[in-house]
Amino acid sequence: IRAKGEGERYVPDPAAEIHPNYVDSGGRLVPPYRQLSRAAARDEDARLDWERRVLAATRWLSRGQQSRWPADRLAGVMVALECLFIAGERTHKGKHIAQRLTDRFKVNELTADEQRDWLEQLYSARNAAVHEGRDFMDDLQVDRLGELTRYVAGRSCRTWEQAMACSAP
């Protein structure tokens, strides 16, 4: 959010809605929204690789979450995860996402192996929906993946290297 070039100050506007959890008592965006706002205020060429990735992941996640169709939401969430966890790989993206995400963040009720399998299955379902026109109707699995992705995208890392070294508290 930009106000007079500051790039991070919240200016109340009746047409815009910002959840109160996103701003502090002084009207400033809280991390990671402050960093996202600063990155979005810069020209794309001036952004760090990681800033471009997180902004793109946030857009894809937002787009995906707006759909009523689970297959569309799954596609958006998986593209967001690609932005965050894929750097140059052209094949086996589902395996890379599953491994890198599981190495850093884990869903409580799954073992690491179960989580990797779950993520790979969802990536395969995403591919079937996007490339073969298949339906995916499991709302709960997509919502669960969306929550995990929102958490991961909200981590305050400044570079790809920091993000790959990052882990859940």
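Bear in mind that the values here come from a model prediction, so they are computed numbers and not experimental data.
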To the nearest 0.5 Å, tell me how far [X] [atom1] sits from [Y] [atom2].
| X | Y | atom1 | atom2 | result |
| --- | --- | --- | --- | --- |
| L74 | L145 | CG | CG | 6.5 Å |
| D143 | L148 | CG | CG | 12.5 Å |
| Q65 | R150 | CD | CZ | 5.0 Å |
| E109 | E114 | CD | CD | 9.5 Å |
| N127 | L122 | CG | CG | 11.5 Å |

Is the side chain of [X] donor-acceptor paired with the backbone N or O of [Y] at a distance under 3.5 Å, no angle test?
| X | Y | answer |
| --- | --- | --- |
| R53 | I86 | yes |
| R47 | A39 | yes |
| T58 | V54 | yes |
| Q115 | V107 | yes |
| D43 | D45 | no |
| R126 | A75 | no |

Heavy atoms from other residues, nucleotides or ligands near CH2 of W69 exceed 12 (cutoff 6.0 Å):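 12 or below, so no.
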Going by heavy atoms in the side chains, are [X] and [Y] under 4.5 Å from each other?
| X | Y | answer |
| --- | --- | --- |
| R116 | L119 | no |
| E51 | R42 | yes |
| T149 | L101 | no |
| Q141 | R144 | yes |
| Y123 | H96 | no |

No-hydrogen, no-angle side-chain donor-acceptor test under 3.5 Å, S62 and Q66: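 Yes, a side-chain donor-acceptor pair sits under 3.5 Å.
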Looking only at heavy atoms, which two atoms of [X] and [Y] are closest? And how far apart?
| X | Y | value |
| --- | --- | --- |
| G94 | E120 | O-CG, 3.9 Å |
| A80 | A57 | CB-O, 3.4 Å |
| L110 | W118 | CD1-CE3, 4.1 Å |
| D138 | P70 | N-CB, 4.4 Å |

Same cluster (ILVMFWY, side-chain, under 4.5 Å), L48 and V152: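 Per the 4.5 Å side-chain linkage, L48 and V152 are not co-clustered.
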Side chain to side chain donor-acceptor pair (under 3.5 Å) partner of D103, the single match among R100, Q99, K106: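 Going through R100, Q99, K106 one by one, the side chain to side chain donor-acceptor pair (under 3.5 Å) with D103 is satisfied by Q99 alone.
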Cation-pi check, R63 onto W60 ring (under 6.0 Å, within 45° of axis):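 Yes, cation above the ring, under 6.0 Å and within 45°.
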